[in-house]
Amino acid sequence: MVKQKQSEGWTVERSDEREIQFTFGVVRFTHTLMYDSEGNPHYPFYEWIGFKAYDRRSPFVDVKVAEMAAETTYRELAHILNEWTAVSISHTTVGNIVKKVGKSQKEADAVSCPIVTLLQNSIKF
């Protein structure tokens, strides 16, 4: 991937190490910071795989945490995950994940069903 981008005029700035939390554990890898011909920074691997630069967990982990949070307290869920799985997070992170997943679901619902969104926005409860 790096060679391909270099042939397109991109330059390599540096290689960085990252960790992403998956349900089976942490995956550590090295990715390359590159600049395109206009000087914009990119991590081609992240763009290819679909992660954002600030993502620390896989989307699947986030969805599963949000689903489990509906059944128990954030603090208890964090304790359970830390004790029984390879996922290590705090209760505050559980809350942030719930907000993030909720926002993503709301946006996906708006795209998939614009008439429902229009009706929801026009009706005041």
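Values reported hereafter were calculated over all heavy atoms of this structure, with side chains retained and with hydrogens, waters and symmetry mates removed. Index from 1, following the sequence. Just so we're clear, the structure is a prediction, and the values are computed from it rather than from any experiment.
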- Would you confirm whether Q21, through its side chain, and A86, through its main-chain N or O, come within 3.5 Å as a donor-acceptor pair?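 A pair under 3.5 Å: yes.
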
- Indicate whether the side chain of H42 and that of D36 have a donor and an acceptor atom separated by less than 3.5 Å.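 Result is yes, a qualifying pair exists.
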
- Where do A78 and S90 come nearest, in terms of heavy atoms and distance?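 A78 and S90 have their closest heavy atoms at CB-C, 3.6 Å.
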
- Query: What's the shortest heavy-atom distance between S58 and I20, and which atoms?
  - Reply: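 Nearest pair, atom of S58 first, then I20: N-CG2, 3.8 Å.
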
- For residues F29 and R18, determine if any side-chain heavy atom of one lies less than 4.5 Å from a side-chain heavy atom of the other.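 When only atoms from C-beta onward are counted, R18 and F29 do touch, with a gap below 4.5 Å.
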
- Query: Between F45 and W48, what is the ring plane arrangement, given parallel below 30°, perpendicular above 60°, and tilted in between?
  - Reply: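 Taking W48 first and then F45, their aromatic rings sit tilted (interplane angle of 30° to 60°).
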
- Message: Apply side chain to side chain contact (heavy atoms under 4.5 Å, CB included) to residues L33 and Y35 and explain how you reach the verdict.
- Response: CA-CA 7 Å; L33 174 62; Y35 286 90; 4.2 Å; yes

As an exercise, state the distance from [atom1] of [X] to [atom2] of [Y], rounded to the nearest 0.5 Å.
| X | Y | atom1 | atom2 | answer |
| --- | --- | --- | --- | --- |
| H31 | F51 | NE2 | CZ | 12.0 Å |
| E19 | R57 | CD | CZ | 13.0 Å |
| Y43 | M34 | OH | CE | 12.0 Å |

- Query: Sequence neighbours excluded, which residues qualify as side-chain hydrogen bond (donor to acceptor under 3.5 Å, both in side chains) partners of T32?
  - Reply: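 T32: no side-chain hydrogen bond (donor to acceptor under 3.5 Å, both in side chains) contacts found.
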
- Does a salt bridge link D55 with K100, judged by any charged N lying under 4.0 Å from a carboxylate O?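 Salt bridge: yes.
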
- Supply the members, apart from V65, of the Ile/Leu/Val/Met/Phe/Trp/Tyr cluster built from side-chain contacts under 4.5 Å; use none for a lone residue.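 Under the 4.5 Å side-chain rule, V65 groups with V61, M68, Y74, L77, L81, V87, I89, V94, I97, V98, V101.
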
- Query: Counting heavy atoms not belonging to R75, are there more than 12 under 6.0 Å from its CZ?
  - Reply: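 No, not enclosed.
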
